[in-house]
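The chain is numbered in sequence order, starting from 1.
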Amino acid sequence: MSGAHAARPGADLVRLAASSMRNRRAIVAGVILAQILAMAASLAQPTFNALIIDNGVVAGDVPYIERMGAIMLAVAIGGLVASLAAIALGAALSAGTSADLRRSVYRHVADFSTATYHELGTPTLLTRTSLDTSVVGQAVFLTTSVAVAAPLVTVGAIAMSLRESVRLAPVIVVTAIVLSIGIGIFVVYVTPLATRVQGAVDRVNRVLREQLGGTRIIRAFRRERAASTRFSEVNRDLTALVRRVAALQLMLLPGVLLIANLASVATSLFGARLIEDSHLTIGGLTAFTGYLMQIVAGITVFIALAGMLPRARASATRLAAVINRPAGLDDDGTAVVDGPLPLTFRSATVRYEGADHPAVDAVSLTCLPGTVTAVIGGTSSGKSSLLALVPRLLDPASGTVEAGGVRLGAWHLPDLRAAVAHVGQGQSLVAGTVESNLRLGDAEADDDRLWRALEAAQMATTVVDRGGLSTEVAQGGSNFSGGQRQRLAVARALVRRPRILCLDSAFSAMDRSTAESVLSGIRATLPEATILLADQQVGNVRSADLIAVLDAGRIVATGRHEDLLTRCAVYREFAQAQAAPAPAPAPAPAPEGPTVATGVSR
């Protein structure tokens, strides 16, 4: 945590809440006005009680009691309406604040580079986008609908109680001091626990995602017990922390009630003597006791905040860490380039934080429009990192990448990504229909363009058989096979009509003949596009116009398939390892004609 956060731990919460409230000034003003009216009605009640007792009950004036009772009832109803309005407006403000924060976090994360995104991780980003934004929204609700009323009622009740009897002021002073100290100690002690709770939620979320995503592997290796033990450990840690916080909250409320009751007893004892000495009336004592309870209630309101604010402060700090985090990509370019786009890597290097060696090491490569350039390499050779440079999912640590002769950083990022389509091995589909998924490539595309893209990706027949463009797509495309999901992702990219198409192991789930047909369809659909294909299967890249062999992040050779087989040992090893075994020779047929006697009788 930075020094600024250590010095002002609630600064992030104030800043995030204030940013949302500035856009809703009318609602904030309405909440404040409604709270003032509600508190005014509440503060009037003890005075009405005193008047009724002193001027009505003691004097035996029944009409006065009825008249004041009617006024008291009307004021109470008005206070109730104002309280309901304050709660409704506070809820609207809270929901709006949570929505603003979710939108802000989502949009900021969408701009993260791949390295920045993976540095934070999916589990914590999910928790921050959902749970943390909700916690801050709840804090806004409590602050506007409850906490705003607390100082109003406390200050007002103190003033009204002193108006009834200055001699009983020490009771109020001692009660307020003791309550404030107790609640302050609670906040100081609970704040670090609340931060640990949020971290424990992250860990539970991460373990749960890992185990749900790897259910098949866990079952295949019969590791259910180990997986269950691991989840139980993080779940037990979270449960223990939540119990500690809940126990502290439960201890606080009885303590406050004890102080309030002792204050009420002290008021009655001292008040009785003042009545006996004619310094206070019975109605005045009743009013003073009512105001004392309102003072206690006003201070006690902070119990709810004391339980929420530590979590809200922790959540706001976690949200600010995402919102204020540099995206990792500069977007100050203005260049616009028309026409086909040659792609050039000039000593491009990619480094990941904490890695001993660069993922891509000084790669220089030129990819021409209208051609297919393939990059082949084994696992962790740097293929995906190299292709991620093109749509600027990553920026090179050194060197440059140029499209159309212009450095990618000089492009306006939305224009660059409109010109580039990237299809990866794990390209998932979104829940909806085939049509809605394809239109992610271009919302304005007509149906003919969608079908041409499906035909090029060898998916038209499958889509027709399953019901056409309105065919339902489950979350992640789970109702399609791996190869079908990849072909739909390719079709979606073709709908976009990119000038540069990056295919990162996009054929890994397809058989060789299907992959060749899809690549042919891509070339026919995008005859002038620059196509960059990364794969580790020789059969998928052998027809490329240029093949670059990547080994440990470096290009060790470039050329055509036949050329590389003769002069590149790495490529030759790939080809030999993936070559189908030669069929075993058939047994020689038996000789025809008369059998020669061997001298062995049967």
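The two atoms that bring N324 and R15 nearest to each other are ND2-NH2, 3.2 Å, heavy atoms only. Here the closest non-hydrogen pair linking P396 and L389 is N-CD2, 3.6 Å. The minimum heavy-atom distance linking A506 with V423 is given by the pair CB-CG1, 3.9 Å. Shortest non-hydrogen contact noted between L503 and I531 is CD1-CG2, 4.1 Å. Summarising the geometry of V538 relative to Q578, their closest heavy-atom pair is N-OE1, 2.7 Å, with the distance given to 0.1 Å. Among all heavy-atom pairs drawn from L341 and A403, the shortest one is CD2-C, 4.4 Å.
Scored by the ring-ring contact (aromatic ring centres under 6.0 Å, His included) test, H412 finds no partners at all (sequence neighbours excluded). T239 is linked by a side-chain hydrogen bond (donor to acceptor under 3.5 Å, both in side chains) to nothing, counting only residues two or more places apart in sequence or in another chain. Every residue meeting the salt bridge (Lys or Arg N to Asp or Glu O under 4.0 Å) condition with R567, not counting sequence neighbours, appears here in chain and number order: D563. Judged as a salt bridge (Lys or Arg N to Asp or Glu O under 4.0 Å), and not counting sequence neighbours, the contacts of R230 are E210. Looking at residues two or more places apart in sequence or on another chain, you find a side-chain hydrogen bond (donor to acceptor under 3.5 Å, both in side chains) between R346 and E402. Judged as a side-chain hydrogen bond (donor to acceptor under 3.5 Å, both in side chains), and not counting sequence neighbours, T344 has no contacts. Listed by chain and residue number, nothing satisfies the salt bridge (Lys or Arg N to Asp or Glu O under 4.0 Å) test with D237 (two or more places apart in sequence, or in another chain). Shown here are the side-chain hydrogen bond (donor to acceptor under 3.5 Å, both in side chains) partners of T566, two or more places apart in sequence or in another chain: there are none.
Under a 3.5 Å cut-off, the side chain of H422 and the backbone N or O of C502 do not form any donor-acceptor pair. The backbone N or O of R313 sits less than 3.5 Å from a side-chain atom of T317, completing a donor-acceptor pair. Using modelled atom types, one side-chain atom of Q486 and one backbone atom of A509 make a donor-acceptor pair closer than 3.5 Å. The main-chain N or O of S513 is found under 3.5 Å from a side-chain atom of S517 such that the two form a donor-acceptor pair. Here the side chain of S364 pairs a donor or acceptor atom with the backbone of S347 at under 3.5 angstrom. One N or O on the side chain of N437 and one on the backbone of T433 form a donor-acceptor pair closer than 3.5 Å. The main-chain N or O of E224 is never found under 3.5 Å from a side-chain atom of S228 such that the two would form a donor-acceptor pair. The main-chain N or O of V420 is never found under 3.5 Å from a side-chain atom of R499 such that the two would form a donor-acceptor pair. At least one donor-acceptor pair under 3.5 Å links the side chain of S94 to the backbone N or O of G137. Of the possible donor and acceptor atoms, one in the side chain of K383 sits under 3.5 Å from a partner among the backbone N and O of G377.
Applying the ring pair (Phe, Tyr, Trp, His ring centres under 6.0 Å) rule to pairs touching residues 340-363 yields nothing, sequence neighbours excluded. Sorted by first and then second residue, the pairs that involve residues 445-463 and meet side chain to side chain donor-acceptor pair (under 3.5 Å), not counting sequence neighbours, are R439-D447, D442-R449. Among residues at least two apart or in separate chains, side chain to side chain donor-acceptor pair (under 3.5 Å) pairs with a member in residues 519-530 are R523-D545.
Annotation: side chain of T400 is not in contact with side chain of L408 (no heavy-atom distance under 4.5 Å). Considering only heavy atoms from C-beta on, V337 comes within 4.5 Å of W411 through its side chain. In this structure, V541 and Y571 have side chains that are in contact, with non-hydrogen atoms separated by less than 4.5 Å.
Here R196 contributes atom CZ and L241 contributes atom CG; the two are 5.0 Å apart, rounded to the nearest 0.5 Å. Expressed to the nearest 0.5 Å, how far CZ of R318 lies from CG of L125 amounts to 9.5 Å. Separation of atoms CG (L533) and CD1 (I376) is listed at 9.0 Å; rounding is to 0.5 Å. One finds the CZ atom of R25 at 12.5 Å from the CD1 atom of I27 (value rounded to the nearest 0.5 Å). For the atom pair SG (C568) and CZ (F574), the distance works out to 9.5 Å, reported to the nearest 0.5 Å.
For R351, the CZ atom is loosely surrounded, since the number of other residues' heavy atoms within 6.0 Å does not exceed 12. Other residues, nucleotides and ligands place no more than 12 heavy atoms under 6.0 Å from the CD atom of Q475.
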Review point. Can you check side chain to side chain contact (heavy atoms under 4.5 Å, CB included) on L386 and V350, steps first, answer last?
Key: CA-CA 8 Å; L386 183 67; V350 174; over 6 Å; no

Review point. Would T373 and T371 count as a side chain to side chain contact (heavy atoms under 4.5 Å, CB included) if you check the C-alpha gap in whole Å, the side-chain angles of each, and the deciding distance to 0.1 Å?
Key: CA-CA 6 Å; T373 301; T371 67; 4.1 Å; yes

Exercise for review: Check the pair E233 / T229 against side chain to side chain contact (heavy atoms under 4.5 Å, CB included), numbers first and verdict last.
Suggested key: CA-CA 6 Å; E233 289 175 355; T229 301; 3.9 Å; yes

Review point. Checking side chain to side chain contact (heavy atoms under 4.5 Å, CB included) for the pair L501/L532: CA distance, chi angles, key distance, verdict?
Key: CA-CA 6 Å; L501 176 61; L532 183 57; over 6 Å; no

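Using modelled atom types, one finds no donor on one side chain facing an acceptor on the other under 3.5 Å when comparing S470 with E435. For D535 and S505, the side-chain atoms include no donor-acceptor pair closer than 3.5 Å.
A cation-pi geometry, defined here as NZ or CZ lying under 6.0 Å from the six-membered ring centre and within 45° of its normal, holds between R466 and F480.
Using a 4.0 Å cut-off between a side-chain N of Lys or Arg and a carboxylate O of Asp or Glu, R22 and D100 do not qualify as a salt bridge.
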Please list, one pair per line, the donor and acceptor atoms closer than 3.5 Å that link side chains of residues 550-560 to other protein atoms, with sequence neighbours excluded.
unit_1: R554; atom_1: NE; unit_2: D361; atom_2: OD2; d: 3.0
unit_1: R554; atom_1: NH2; unit_2: D361; atom_2: OD2; d: 3.2
unit_1: R560; atom_1: NE; unit_2: A544; atom_2: O; d: 3.3

